[in-house]
Q: 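Below is the structure I would like to discuss, written out as structure tokens.
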Amino acid sequence: MRYSTQTDYGKPIPLHDEDGFIAMRAAGRIAADTLDFITPHVKPGVSTAALDALCEEFMRAAGSVPATIGYHGYQHASCISVNHVVTHGVPSANKILREGDIVNIDVTPLFNGWHGDSSRTFEVGAVSVLAGRLVKTAYEAMMVGVRTVRPGATLGDVGAAIEAVARAARYTSVRDFCGHGVGRVFHDAPQVLHFGKAGTGVVLEPGMIFTIEPMLNAGKRDVKTLGDNWTTITKDHSLSAQFEHSVGVTETGVEIFTSSALERQA
Ligand code: MF3
Ligand code: CO
Ligand code: CO
């Protein structure tokens with residue numbers, strides 16, 4: 001593996017070769033398949049711990065290991081974030097999904113030494129008009145970010161495009177968490193901010209691999225992390241939705257490693 005001549009906050013940015021792309025296709029496929037698999041289980045009455053256990057079983061059966069287990073002391077195979085939980089929701093037997101909830105499930109299977117990182121926000125039964133619109137807009141924000149990726153574009157272009165989608169819908173894009181380089185390393189350079197100024201920041205080069213994972217809030221963008229040091233919620237308790245893909249910069253554009261046929265049915 002080579003590195004870019006550019007750095008991000010002083011850290012080298014990997015440039016992956018074809019073997020890296022082949023490995024990311026395999027890891028990304030397992031992440032996408034896990035989220036497809038869990039989709040019909042996301043129903044009123046199920047606990048987030050039960051969903052986590054199903055995700056773990058699926059990832060292991062596929063020959064991967066949930067990279068989140070043991071990561072900085074985290075103990076679960078997924079993060080499951082319900083309603084006003086922005087990210088890093090901790091699965092619990094006491095957290096039962098109810099009709100009208102929106103719930104993000106984020107999985108990172110480690111397969112053959114490579115990380116496939118993806119999340120989707122699901123609707124539990126029928127949801128409010130606002131919740132449905134927030135989920136759709138979060139997906140659109142992620143995809144607009146993905147479609148901005150090509151050699152010569154900048155990470156500022158990506159962030160600006162994402163935040164413009166949030167703004168147009170009168171939502172906010174969370175600034176306290178970002179996408180990240182991904183590959184053999186779970187969280188690598190560069191940092192992929194979901195806001196920014198077009199024409200600024202790292203210039204994208206073929207071989208860069210990273211996630212795009214915007215969190216959109218229905219209210220203010222401010223968040224706070226609870227006493228468990230993981231669960232992060234909106235300060236104003238407004239709803240939040242997130243989607244995440246792992247992508248690679250190709251010679252001509254972008255390759256999504258974690259897409260599936262089912263993903264738009266969230
Ligand atoms: N999958 C998350 C991300 O998108 C990271 C979860 S780390 C954990 O980067 F420890 F909280 F699981
Ligand atoms: Co990620
Ligand atoms: Co993730």
Side-chain angles (χ1 to χ4, degrees), residues 8 11 14 24 27-36 38 48-49 51-53 55-56 58-59 64-82 85-92 95 103-111 114-122 138-139 141-143 145-146 149 155 158-159 162 173-194 208-216 223-233 240-248 256-260 263 266:
D8 188 43
K11 290 198 180 143
M24 281 303 294
R29 167 67 64 86
I30 296 173
D33 285 350
T34 305
L35 294 173
D36 280 4
I38 204 65
T48 58
L51 293 173
D52 180 72
C55 287
E56 176 164 5
F58 187 92
M59 283 189 271
S64 68
V65 170
T68 51
I69 296 178
Y71 184 79
H72 292 278
Y74 194 79
Q75 308 216 337
H76 305 273
S78 63
C79 296
I80 306 189
S81 305
V82 182
V85 179
V86 175
T87 196
H88 299 164
V90 179
S92 163
K95 183 65 199 172
V103 54
N104 177 277
I105 303 181
D106 188 338
V107 294
T108 311
L110 172 62
F111 182 71
W114 293 75
H115 296 79
D117 191 2
S118 188
S119 85
R120 296 179 202 158
T121 297
F122 300 92
Y139 181 73
M142 174 189 66
M143 289 308 293
V146 168
V149 173
L155 286 180
V158 173
I162 289 167
S173 180
V174 170
R175 299 195 167 193
D176 299 67
F177 296 90
C178 59
H180 50 91
V182 66
R184 287 191 180 279
V185 177
F186 191 168
H187 292 105
D188 208 341
Q191 292 192 39
V192 181
L193 305 183
H194 305 116
M208 290 179 178
I209 293 180
F210 49 82
T211 72
I212 297 180
E213 49 180 302
M215 289 136 274
L216 266 55
V223 304
K224 67 177 177 198
T225 299
L226 301 184
D228 62 8
N229 284 321
W230 288 108
T231 310
T232 299
I233 66 172
S240 188
Q242 178 177 27
F243 286 84
E244 174 175 28
H245 270 321
S246 296
V247 306
I256 306 176
F257 298 119
T258 47
S259 60
S260 87
E263 71 178 85

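Order of appearance sets the numbers: ligands from 1, and atoms from 1 within every ligand.
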Q: Does this structure show an ion pair linking Asp176 with Lys224, if we count only N-O contacts that are shorter than 4.0 Å?
A: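 Answer for the salt bridge query: no.
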
Q: Could you tell me whether the side chain of Ser118 and the main chain of Glu244 form a donor-acceptor pair under 3.5 Å?
A: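 Side chain of Ser118 to backbone of Glu244, a donor-acceptor pair under 3.5 Å: yes, one is there.
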
Q: Quick one: look at His72 and ligand 1, take heavy-atom pairs under 4.0 Å, and tell me if it's side chain, backbone, both or neither.
A: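 Near ligand 1, His72 shows nothing, with every heavy atom at 4.0 Å or more.
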
Q: For atom 3 (C) of ligand 1, find the nearest protein heavy atom and state the residue, atom name and distance (0.1 Å precision).
A: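 Result for atom 3 (C) of ligand 1: Asp117 OD2, 3.4 Å.
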
Q: Can a donor-acceptor pair be found, under 3.5 Å and without considering hydrogens, that links the side chain of Thr68 to the backbone of His76?
A: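 Checking the backbone N and O of His76 against the side chain of Thr68, a donor-acceptor pair under 3.5 Å is found.
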
Q: Checking Asp117 against Thr108: is there a side-chain donor and acceptor pair closer than 3.5 Å?
A: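 Side-chain D/A pair, Thr108 to Asp117: present.
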
Q: Counting distance only, does the side-chain N/O of His180 pair as donor-acceptor with the main-chain N or O of Asp188 below 3.5 Å?
A: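 Absent.
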
Q: Considering only protein heavy atoms, which is closest to atom 2 (C) of ligand 1, and at what distance to one decimal place?
A: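 Nearest protein contact, heavy atoms only, for atom 2 (C) of ligand 1 is Asp106 OD2, 3.4 Å.
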
Q: Can you check whether Gly89's main-chain N or O pairs, donor with acceptor, with Ser81's side chain at less than 3.5 Å?
A: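 Flag set: sc Ser81 to bb Gly89 pair under 3.5 Å.
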
Q: Tell me whether ligand 1 is touched by Glu244 - counting only heavy atoms on the residue side and a distance under 4.0 Å.
A: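 Checking ligand 1 against Glu244, which is what was asked, there is a heavy-atom contact under 4.0 Å.
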
Q: Considering only heavy atoms, does Thr87 approach ligand 1 within less than 4.0 Å through its side chain, its backbone, both, or neither?
A: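 The answer is neither.
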
Q: Pull up every protein N/O/S atom sitting under 2.8 Å from the Co ion (ligand 2), skipping waters.
A: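 Near the Co ion (ligand 2), the protein supplies Asp117 OD2, His180 NE2, Glu213 OE2, Glu244 OE2.
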
Q: Before giving the answer on side-chain contact (heavy atoms from CB on, under 4.5 Å), spell out for Glu213 and Phe243 the whole-Å C-alpha distance, their side-chain angles and the decisive distance to 0.1 Å.
A: CA-CA 5 Å; Glu213 49 180 302; Phe243 286 84; over 6 Å; no

Q: Does at least one non-hydrogen atom of Phe177 fall below 4.0 angstrom from an atom of ligand 1?
A: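 No, Phe177 has no heavy atoms under 4.0 Å from ligand 1.
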
Q: Considering both backbone and side-chain atoms of Trp230, is one of its nitrogen or oxygen atoms within less than 3.5 Å of a nitrogen or oxygen in ligand 1?
A: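 No; the residue has no nitrogen or oxygen that sits under 3.5 Å from a nitrogen or oxygen of the ligand.
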
Q: Would His76 count as a contact of ligand 1 if the rule is a heavy atom under 4.0 Å away?
A: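 Under 4.0 Å: no for His76.
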
Q: Please check if any side-chain donor atom of Thr48 sits under 3.5 Å from a side-chain acceptor atom of Ser92, or the reverse.
A: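 There is no such pair between these side chains.
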
Q: Would you kindly specify which portion of Cys79 sits under 4.0 Å from ligand 1, judged on non-hydrogen atoms: side chain, backbone, both or neither?
A: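 Within the 4.0 Å criterion, Cys79 contacts ligand 1 through side-chain atoms alone.
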
Q: Does Thr121 use its side chain to pair, donor to acceptor, with the backbone of Gln242 at less than 3.5 Å?
A: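 Yes: the side chain of Thr121 pairs with the backbone of Gln242.
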
Q: Evaluate whether atom CZ of Arg29 has more than 12 neighbouring non-hydrogen atoms of other residues, nucleotides or ligands under 6.0 angstrom away.
A: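 At most 12 heavy atoms, drawn from other residues, nucleotides or ligands, come within 6.0 Å of this atom.
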
Q: Just by distance, do the side chain of Thr87 and the backbone of Val85 share a donor-acceptor pair under 3.5 Å?
A: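 Judged by distance alone, no pair lies under 3.5 Å.
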
Q: Which ligand 1 atoms are under 4.0 Å away from a heavy-atom of Phe186?
A: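 That gives atoms 1 (N), 5 (C) of ligand 1.
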
Q: Tell me whether Ser64 contacts the main-chain N or O of Met59 through its side chain, where contact means a donor paired with an acceptor under 3.5 Å.
A: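 Yes; at least one donor-acceptor contact below 3.5 Å.
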
Q: Using a 3.5 Å distance criterion without hydrogens, assess whether the side chain of Ser173 forms a donor-acceptor pair with backbone atoms of His194.
A: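 Flag set: sc Ser173 to bb His194 pair under 3.5 Å.
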
Q: How far is atom 7 (S) of ligand 1 from the closest protein heavy atom, and which atom is that?
A: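 So the nearest neighbour among protein heavy atoms is Tyr71 CD2, 3.8 Å.
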
Q: Identify the protein heavy atom lying closest to atom 9 (O) of ligand 1, giving its residue, its atom name and the separation to 0.1 Å.
A: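 Atom 9 (O) of ligand 1 sits closest to the protein heavy atom His187 NE2, 2.7 Å.
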
Q: For atom 12 (F) of ligand 1, which protein heavy atom lies nearest, and how many Å away is it?
A: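 For this ligand atom, the closest protein heavy atom is Thr68 CG2, 3.0 Å.
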
Q: Any atoms of ligand 1 less than 4.0 Å from a non-hydrogen atom of Thr108? List them with their elements.
A: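 So the answer, numbered in order with elements, is 1 (N).
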
